[in-house]
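Questions regarding the structure given below will be posed in turn.
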Number of protein chains: 2
Amino acid sequence: MSISTELSSPHNHTNCIATALNTATQLCFERGVQLTAIRQQVLELIWENHHAVKAYDLLERIKPLQSAAKPATIYRALDFLIAQGFIHRVESLNAFIGCCNLKTAHEQLLLICKQCNDVEERPANAVMQSLAQEFQNAGFTVHHQAIEIQGICATCSQLNKDEEIA
Amino acid sequence: MSISTELSSPHNHTNCIATALNTATQLCFERGVQLTAIRQQVLELIWENHHAVKAYDLLERIKPLQSAAKPATIYRALDFLIAQGFIHRVESLNAFIGCCNLKTAHEQLLLICKQCNDVEERPANAVMQSLAQEFQNAGFTVHHQAIEIQGICATCSQLNKDEEIA
DNA sequence: TTTCAGTTTGTTACAACATAACATATCAAT
DNA sequence: ATTGATATGTTATGTTGTAACAAACTGAAA
Ligand SMILES: [Zn+2]
Ligand SMILES: [Zn+2]
Ligand SMILES: [Zn+2]
Ligand SMILES: [Zn+2]
């Protein structure tokens with residue numbers, strides 16, 4: 001697996017990584033919390049692409065850097081990164097992705113491609129507004145939203161069509 | 001735990017159970033699939049209330065009826081009930097609830113109360129429509145949706161207010 | 001600089017969730 | 001009787017996540 005990604009909108013992923021790391025560093029400084037070596041390494045591993053990453057995969061991949069790493073090592077780092085909003089947990093996959101909208105508080109809609117495994121995070125303002133209305137109607141006080149859609153992304157759909165023709 | 005439930009809209013839960021069981025029986029007959037003793041017992045256990053139920057809790061509770069029950073026993077029954085649309089898996093809880101809208105094909109919005117553990121299933125047509133639009137915009141082909149909202153339900157909110165006053 | 005509190009990490013053990021693989025049983029149609 | 005489809009029994013294992021306590025680190029107050 002190279003650093004490249006199948007994310008539907010083609011992009012320079014080096015930028016994604018740089019932005020994510022720089023912003024995390026900046027926010028940790030502002031908040032007076034520590035982006036320790038372990039936490040930064042986990043964040044970097046998650047950002048290698050736009051796939052959802054499993055905790056135990058991270059554990060295997062961090063061992064060359066942190067030979068003492070155990071499950072708790074990873075889960076603690078993940079807890080921290082989630083608390084800071086740097087990553088999201090994908091409930092329906094038991095996995096984790098880097099947050100693409102670090103700067104703005106947001107509730108995310110996740111489009112999960114079952115073919116290429118990319119996860120796209122979309123603001124989906126219209127959806128969020130109709131959701132807010134629904135909560136009002138129900139008298140429900142929201143603490144956390146998980147909106148996770150599984151299917152086939154635009155890129156893979158197009159690829160599949162091309163293959164049918166060929 | 002009695003048969004009663006804290007579901008926000010007060011209701012006669014005996015009706016919920018009867019409807020769920022009768023409809024499941026009817027649909028299995030129509031579809032030529034078997035609602036075996038194990039499958040029906042699991043469905044009944046899930047329908048004891050509107051809480052999300054864990055697989056291993058079901059395992060403990062079915063053992064008096066099925067002394068040979070093992071994890072696979074439960075997970076097979078759950079797979080069947082999900083495939084038939086009789087129950088839903090709650091991804092963010094690793095748990096299961098009975099479906100309240102058996103008759104109509106539907107995508108569900110789940111309101112999960114962290115205080116009383118009830119899960120309310122809402123059609124939320126406006127939300128579903130704006131979601132559909134978002135999928136169009138993204139060129140995304142949907143296979144499965146999980147829309148799970150954690151928070152405090154209307155009933156618990158009201159109870160909490162009452163306690164503050166008292 | 002010592003001391004102390006708060007935070008982070010190391011380490012062991014275990015809990016909770018889920019599936020693979022293969023054997024056995026059931027039952028209806030040929 | 002044989003066969004094929006479905007369901008269940010059984011054992012083992014894989015995957016995901018946490019509890020609990022000890023040790024190390026960090027930075028500021030005494
Ligand atoms: Zn990228
Ligand atoms: Zn794809
Ligand atoms: Zn009910
Ligand atoms: Zn409640």
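In what follows, chains carry the letters A, B, and so on, assigned in the order in which the sequence lines appear, proteins first and then strands, with residues in each chain numbered from 1.
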Can you check the A/K54 NZ to D/dG17 P distance for me, whole Å?
8 Å
Return yes if some donor-acceptor pair links the side-chain N/O of A/T23 with the main-chain N/O of A/A20 below 3.5 Å, else return no.
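Between the backbone of A/A20 and the side chain of A/T23 there is no qualifying donor-acceptor contact (under 3.5 Å).
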Once you round it to whole Å, what is the distance between C1' of D/dT18 and CG of A/L78?
13 Å
Between B/L59 (CG) and C/dA15 (P), how many Å, whole number?
16 Å
Look at A/Q34 and C/dT8 and indicate whether a side-chain polar atom (N or O) is within less than 4.0 Å of OP1 or OP2.
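Answer is yes, contact under 4.0 Å.
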Just by distance, do the side chain of B/H50 and the backbone of B/E121 share a donor-acceptor pair under 3.5 Å?
no
Closest heavy-atom pair, B/A95 versus B/K54, reported as atoms and distance to 0.1 Å, is CB-N, 4.3 Å
Using only modelled atom types and a 3.5 angstrom limit, is any donor from either the side chain of A/Y56 or the base of D/dG14 paired with an acceptor on the other?
no
Rounded interatomic separation in angstrom, taking CD1 from A/I62 and P from C/dT9
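Nearest whole value for this atom pair: 10 Å.
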On DNA chain C, nearest-nucleotide positions of B/R89 versus A/R39: which is more 5'?
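Mapping each residue to its closest nucleotide by heavy atoms, the 5'-most match is A/R39.
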Can you figure out which of C/dT19, D/dG17, D/dA7 approaches the side chain of A/N94 most closely?
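Of the options given, the side chain of A/N94 lies nearest D/dG17.
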Both B/A72 and A/P71 contact DNA chain D. Taking the nearest nucleotide for each, which residue is further toward the 5' end?
B/A72
Any donor-acceptor N/O pair, A/R122 side chain to A/L111 backbone, under 3.5 Å
no
Among C/dT9, C/dT7, D/dT8, the one nearest B/T36 by side-chain distance:
D/dT8
Side-chain donor or acceptor of A/R76 under 3.5 Å from a matching atom on the base of D/dG17?
no
Would you mind reading off the distance between B/D57 atom CG and C/dA15 atom C1', rounded to a whole angstrom?
13 Å
Measure from CG on B/D79 to C1' on D/dT8 and round the result to the nearest Å.
14 Å
Separation of D/dA7 C1' from B/K70 NZ (nearest whole Å):
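Distance check: B/K70 NZ to D/dA7 C1' gives 16 Å.
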Give one of base, sugar-phosphate or nothing for B/A69, where a contact means two heavy atoms less than 4.0 Å apart.
nothing
Nearest-angstrom distance from the residue atom OH of B/Y75 to P of D/dT8
17 Å
In terms of ring plane angle, is the pair B/F140 and B/F135 parallel, tilted or perpendicular, where the classes change at 30° and 60°?
tilted
